[in-house]
**Q** 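Just dropping this structure here.
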Amino acid sequence: QALITGGGLLVLVVALNYWAHIRPASVDMTLMRRFSLSADSRELLRGVEGEIKVTAFYPFFSEMYRDVELMLRDASAANAKITYTFIDPLREKNLADAKKVDRIGTILLESGESDAGKGPRTTRFEILDEDAIKRFERELVSNILQISGWKKTLYYTQGHEEKSVS
């Protein structure tokens, strides 16, 4: 009896562990939801149809690594076609040089679609400090939409920790 119960419990724990691995969850408990995308941004990213590869150039020990990784994870969860990787430009200089990146804090976005035979569309921006992380969501979403071929104008009227104009 105890063997069957123990075996059943083990199967349950393994199943829960596997499920948590394929469907990771996180909760942003900051006051202004600083480390997660807004519902509108998630909705816009769900509409992206092509593959988007995001490469962030940060050393693993950087304070910005964690903040950027949380936001990129949220974007990837919104659309499985958006993938991201980190390259440490101090340890993997050859990879950074291949992408023509010479600054820590560069975010490179590449579209899987080509631009009239010119190769994949790419764009980049930099998130270098805590002040820049406040505009990270806007930069990320607008650049993803740009290289995915989005043709409409996008306006951000309110975001995380921005001051009111009134």
Side-chain angles (χ1 to χ4, degrees), residues 1-96 98-99 101 104-113 120-130 132-145 147-148 150 159-161:
Q1 181 71 12
L3 188 61
I4 293 172
T5 304
L9 186 61
L10 180 64
V11 168
L12 178 65
V13 169
V14 168
L16 286 173
N17 190 25
Y18 176 73
W19 184 73
H21 178 70
I22 62 171
R23 304 265 313 163
S26 62
V27 177
D28 184 356
M29 298 188 65
T30 56
L31 182 62
M32 300 297 290
R33 294 184 42 87
R34 179 177 168 199
F35 300 115
S36 58
L37 296 173
S38 67
D40 291 337
S41 292
R42 272 195 217 97
E43 189 63 35
L44 286 169
L45 292 178
R46 280 188 196 104
V48 173
E49 295 178 5
E51 300 284 328
I52 304 291
K53 182 179 177 188
V54 182
T55 308
F57 294 86
Y58 289 92
F60 181 71
F61 58 83
S62 168
E63 292 178 19
M64 299 301 295
Y65 182 99
R66 178 187 60 98
D67 297 351
V68 170
E69 201 272 334
L70 288 170
M71 196 72 83
L72 290 176
R73 183 187 309 165
D74 206 17
S76 182
N79 187 333
K81 294 180 181 178
I82 300 171
T83 59
Y84 68 93
T85 58
F86 279 85
I87 292 177
D88 184 340
L90 302 176
R91 292 183 181 171
E92 301 171 283
K93 185 152 177 47
N94 58 335
L95 294 175
K99 300 284 188 179
V101 171
I104 291 172
T106 301
I107 311 284
L108 175 69
L109 291 93
E110 300 170 290
S111 170
E113 302 169 5
R121 292 186 286 246
T122 63
T123 187
R124 65 184 67 209
F125 61 95
E126 294 178 347
I127 300 295
L128 303 172
D129 56 21
E130 285 295 320
I133 202 75
K134 293 176 184 175
R135 63 178 168 78
F136 182 50
E137 177 179 0
R138 181 183 66 226
E139 292 278 349
L140 179 66
V141 173
S142 61
N143 279 294
I144 287 174
L145 293 176
I147 67 168
S148 70
W150 185 271
H160 301 305
E161 297 183 49

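Here the structure is a predicted model, which means the values were calculated and not measured.
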**Q** Taking atom CD of Glu139 and atom CD of Glu137, what is their separation to the nearest 0.5 Å?
**A** 11.5 Å
**Q** Could you work out, with ring-ring contact (aromatic ring centres under 6.0 Å, His included) as the rule, every residue matching Phe86, not counting sequence neighbours?
**A** Tyr65
**Q** Assess whether side chain to side chain contact (heavy atoms under 4.5 Å, CB included) is satisfied between Phe125 and Leu109, documenting all intermediate values.
**A** CA-CA 9 Å; Phe125 61 95; Leu109 291 93; 3.4 Å; yes
**Q** Listing request: all salt bridge (charged side-chain N to carboxylate O under 4.0 Å, His left out) pairs with a residue in residues 77-88, at least two apart in sequence or in separate chains.
**A**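 The answer is Asp88-Arg91.
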**Q** Let me confirm one number: the CG-CD1 distance from Leu140 to Ile107, rounded to the nearest 0.5 Å.
**A**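 Taking CG in Leu140 and CD1 in Ile107, the distance rounds to 8.0 Å.
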**Q** With side chain to side chain contact (heavy atoms under 4.5 Å, CB included) as the criterion, how do Glu130 and Asp67 come out once you've worked through the C-alpha distance, each side chain's angles and the decisive distance to 0.1 Å?
**A** CA-CA 9 Å; Glu130 285 295 320; Asp67 297 351; 3.3 Å; yes
**Q** Under 3.5 Å, side chain of Ser76 to main-chain N/O of Ile82, donor-acceptor pair present?
**A** yes
**Q** Suppose we screen for salt bridge (Lys or Arg N to Asp or Glu O under 4.0 Å). Which residues come up paired with Glu63, at least two apart in sequence or across chains?
**A** none
**Q** Suppose we screen for salt bridge (Lys or Arg N to Asp or Glu O under 4.0 Å). Which residues come up paired with Glu69, at least two apart in sequence or across chains?
**A**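 Partners of Glu69 by the salt bridge (Lys or Arg N to Asp or Glu O under 4.0 Å) criterion, ordered by chain and then number, come out as Arg73.
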**Q** Can you tell me how far apart CG (Leu145) and CG (Leu45) are? Round to the nearest 0.5 Å.
**A**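 It comes to 6.5 Å.
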**Q** Would you name the heavy atoms of Ala96 and Pro89 that are closest together and state the gap between them?
**A**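 Minimum heavy-atom contact is CB-CB, 4.1 Å.
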**Q** Check for a donor-acceptor pair, side chain of Arg42 on one end and backbone N or O of Ala78 on the other, with a separation under 3.5 Å.
**A** no
**Q** What pairs with Arg46 under side-chain hydrogen bond (donor to acceptor under 3.5 Å, both in side chains), at least two apart in sequence or on another chain?
**A** Glu43
**Q** Residues two or more places apart in sequence or in another chain: which of them pass side-chain hydrogen bond (donor to acceptor under 3.5 Å, both in side chains) with Thr123?
**A** Asn143
**Q** If the condition is side-chain hydrogen bond (donor to acceptor under 3.5 Å, both in side chains), which residues does Lys53 pass it with, not counting sequence neighbours?
**A**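 Here no residue qualifies.
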**Q** Test of understanding: with side chain to side chain contact (heavy atoms under 4.5 Å, CB included), list the residues that count as partners of Asp40, not counting sequence neighbours.
**A** Ser38
**Q** Once rounded to the nearest 0.5 Å, what's the spacing between atom CD1 of Ile104 and atom CE of Met64?
**A**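 Answer for the CD1-CE pair, Ile104 versus Met64, is 12.0 Å.
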